[in-house]
Each structure stands twice: as structure tokens, then as C-alpha cells.
There are 2 protein chains.
Amino acid sequence: MPNGNLELKKAGLKVTLPRVKILEILESSDTRHLSAEDVYKALLDAGDDVGLATVYRVLTQFESAGLVLRHNFEGAHAVFELNDDEHHDHMVCTETGDVIEFFDDFIESRQKEVASKHGYDIVGHSLVLYVKPKQSS
Amino acid sequence: MPNGNLELKKAGLKVTLPRVKILEILESSDTRHLSAEDVYKALLDAGDDVGLATVYRVLTQFESAGLVLRHNFEGAHAVFELNDDEHHDHMVCTETGDVIEFFDDFIESRQKEVASKHGYDIVGHSLVLYVKPKQSS
DNA sequence: CTAATTGCAAAAGCTTTGCAGCGCA
DNA sequence: TGCGCTGCAAAGCTTTTGCAATTAG
């Protein structure tokens, strides 16, 4: 019995075929950040007949359950990634679309300080650096 | 002749009524961050008959011209703010919806370092802290 | 006068929802 | 068996676009 099923049960979700398949795709994809459409296409490619609406529903449920994280990089559609419980931020290459993850303790703590200075506690944050390959010229 | 007109001309945009009105609304609003819909309603309230499509077009042109900045706070619609050429990031209160602007030199330079470490130059960045009032309890 | 701009309505994307039928526990 | 889940199609939202009429310079 695959380990993903445990997480589903723990989240109070029935272990159904669509949910298991979607979890598998998120786990096995070599691209870590996938849109609902990406997942949907991957399902079709794998010969699994799951509706796009279900993909959205399942991803949203996964998000509520803390299994995945949803990001809204610049405007367009949302992307989802498996939540490995290790917080990180993102760098998006504006030329290739590549997504690089990074974590910086200094920035993290500084954020807390800034919020605190204004009388707030941080509930969450979103930091995305839009970058381009360094010009060696 | 209002000063905003200069900026329009400088941007190569004809000084039309919709554009002037929209600029005025952005300048005079006590809420600094407005959605297209907000601007549209403000126009109607002011008795100006401008189409929503025009609001979007104008705001997009303003963005291209560097007159305004567009932000995509959590999911929903985009919000626009006048570009005062002083970069800052945002804190959004999850309870009141308040938007607080802040700037932190250390975070800024640290971002550059992180990008550089990965072989990139920063083109832009988006940092939003989602916060809630500090519990004094 | 001429090209830019606007308004309206329609279209486009992404995402959500209603509902009848299907499937897990 | 029963309630949750799924698929399909339709609806919802924000934003964009086509086009004829209007307007700034």
C-alpha cells in the first residue's frame, strides 16, 4: 500500500483513484511546480480519465489538508507543489520560466522583525524573485 | 493645467478625459491600492462615464509607462497603486485587509545576494507579508 | 484630418459549482 | 448501504479584444 494513502486518510479524505493518481503525479513529476492544467494533462497522458474539475477540487482539498502549497506567480494561473514541510521561497527566471527554490534565514527573521515593528505577527508570506541569468559580459 | 498631464504626455499618451480622471482618482484616493473595479466605481460615483474596459486599458498603459504598479495580492484581482519611484514591499492584514507599505534595506540587499549566488540578476521581486495584529495576551 | 482612443458587447482564461450517477468504507 | 466523490456541463470572475463611433492634436 503506497505511503501517500496514509496522508489522505490522515486528512480525512477517502482514498479514491483520482486522489491517489494526482498525488502520484505530484510526487513523480520532475517539474516540482505544476498548474491544475499540467496535472490534468499528465493524468490524460497516463491514460487516467479524470475531469479537470476534479483536479481543481482535489488540489484545493490537498491545499486545505496541508499536503500541497498553492502559489500565484505573476498574474496567470496558480501552480501547486508538494508540501515537504520545509519552507522555502521562489525565484522565477523570466527568460526560461525555471523555478528555483531557496531559503534564507536572515530574510526570514528580518521579516518577523519588520512585522513586529509595525505591531503585527506574520501569518504567512510570499516572496518571489523574478530573475534573469547573470550577464557575464 | 494639472501636473498629471505632463506625465501622460511624457509617456506618449494623449491627454484624454478618461486618463486624466483615472489619474486623479489614483492621486486623491485615501486608499492607496485600488482594483480596476474600485477605480471604475469611483469614476461612476464622480459622475464620469467611463467604461470598465477603458479602465483596464488605461491602467495597463499606465503600468507600461511606469506611472502605476500592479500587484497580485493573494489570488483574486489585481490592485494598482501610483508609482512614486520609491520602492517598497507590502504587508496585508488578513483580518482587516489593511495594506501597510514597508522597506527594508537588509532584505533588499540580501535578495540580490541570494539571486547572485544562484547565477541570476534580479529583474523584479514581490514580497508580501500576510499578518495579523499582535496578540497582547 | 488622421491616428489614437473609447464604449459596448462579446470572448477568453482560469476556476468553481450544480447535479445525477458512481464508488469507497 | 450510505455518504462522499466524480464527471460533465454550465456558470462565475476578472480581464481582454473586436469594431464602429468619437476625439485629441
Side-chain angles (χ1 to χ4, degrees), chain A residues 1-2 4-25 33-44 46-65 67-80, chain B residues 1-2 4-25 33-44 46-65 67-80:
Chain A
M1 184 187 288
N5 297 6
L6 266 175
E7 322 219 47
L8 289 179
K9 284 183 181 162
K10 228 183 326 185
L13 298 171
K14 282 191 182 175
V15 180
T16 63
L17 205 120
R19 300 218 254 241
V20 172
K21 291 294 182 187
I22 291 176
L23 209 46
E24 277 178 17
I25 284 173
H33 303 80
L34 301 170
S35 66
E37 194 75 28
D38 290 337
V39 172
Y40 178 62
K41 283 188 191 135
L43 285 167
L44 294 191
D48 297 306
D49 210 352
V50 175
L52 178 56
T54 299
V55 173
Y56 274 103
R57 269 186 294 233
V58 169
L59 286 174
T60 301
Q61 291 160 348
F62 282 7
E63 187 194 9
S64 301
L67 291 178
V68 307
L69 299 174
R70 180 196 298 248
H71 303 291
N72 291 293
F73 300 151
E74 277 310 71
H77 44 222
V79 296
F80 300 81
Chain B
M1 182 184 290
N5 297 5
L6 266 175
E7 322 219 47
L8 289 179
K9 284 184 180 161
K10 232 186 321 187
L13 297 171
K14 282 189 180 176
V15 180
T16 63
L17 204 121
R19 300 219 253 242
V20 172
K21 291 294 181 187
I22 290 175
L23 209 46
E24 277 177 18
I25 284 173
H33 303 80
L34 300 170
S35 67
E37 193 75 27
D38 290 336
V39 173
Y40 177 61
K41 283 188 190 134
L43 285 168
L44 294 192
D48 297 305
D49 209 353
V50 175
L52 178 56
T54 299
V55 173
Y56 274 103
R57 270 186 294 233
V58 169
L59 286 173
T60 302
Q61 290 159 348
F62 282 6
E63 188 194 9
S64 301
L67 291 179
V68 307
L69 299 174
R70 179 196 301 246
H71 304 291
N72 290 293
F73 300 151
E74 277 312 69
H77 43 222
V79 296
F80 300 81

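Below, chain A is the first sequence line, B the second, and so on; all start at residue 1.
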Just how far is it from atom [atom1] of [X] to atom [atom2] of [Y], taken to the nearest 0.5 Å?
X      : Y      : atom1 : atom2 : value
L8(A)  : Q61(A) : CG    : CD    : 9.5 Å
K41(A) : S35(A) : NZ    : OG    : 7.0 Å
D49(B) : K21(B) : CG    : NZ    : 12.0 Å

Please state how far atom [atom1] in [X] lies from atom [atom2] in [N], giving the value in whole angstrom units.
X      : N       : atom1 : atom2 : value
L44(A) : dG7(D)  : CG    : C1'   : 13 Å
K41(A) : dC14(C) : NZ    : C1'   : 13 Å
I22(A) : dG7(D)  : CD1   : C1'   : 13 Å
R70(A) : dT15(C) : CZ    : P     : 7 Å
L34(A) : dC14(C) : CG    : P     : 15 Å
R19(B) : dA4(C)  : CZ    : C1'   : 8 Å
L52(A) : dA11(D) : CG    : P     : 18 Å
Q61(B) : dA4(C)  : CD    : C1'   : 10 Å

For T54(B) and R19(B), does a side-chain donor sit closer than 3.5 Å to a side-chain acceptor?
->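 Per modelled atom types, T54(B) and R19(B) side chains form no pair under 3.5 Å.
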Side-chain heavy-atom pair V68(B), R70(B) within 4.5 angstrom cut-off = no
Is any side-chain heavy atom of V15(A) less than 4.5 Å from a side-chain heavy atom of K9(A)?
->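 They are in side-chain contact.
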Test side-chain hydrogen bond (donor to acceptor under 3.5 Å, both in side chains) applied to E37(A) - qualifying residues, sequence neighbours left out =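 None.
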What bend angle does the helix from dC1(C)-dG25(D) to dA25(C)-dT1(D) show across its length, from five-pair end axes and to the nearest 10 degrees?
->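 Roughly 30°, once rounded to the nearest ten degrees.
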Sugar-phosphate means primed atoms, P, OP1 and OP2; the rest is base. With that split, encode nucleotides 17-25 of chain D 5' to 3' as B, S or - using protein heavy atoms under 4.0 Å.
-> BB-----BS
Is the phosphate of dT16(C), meaning OP1 or OP2, less than 4.0 Å from a side-chain N or O of Y56(A)?
-> no
Nearest heavy-atom pair of A36(B) and L59(B): which atoms, and what distance?
-> CA-CD1, 3.9 Å
Candidate list V39(B), T16(B), L34(B), test side-chain contact (heavy atoms from CB on, under 4.5 Å), partner I22(B), passing option |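 With I22(B) as partner, side-chain contact (heavy atoms from CB on, under 4.5 Å) holds for just one option, V39(B).
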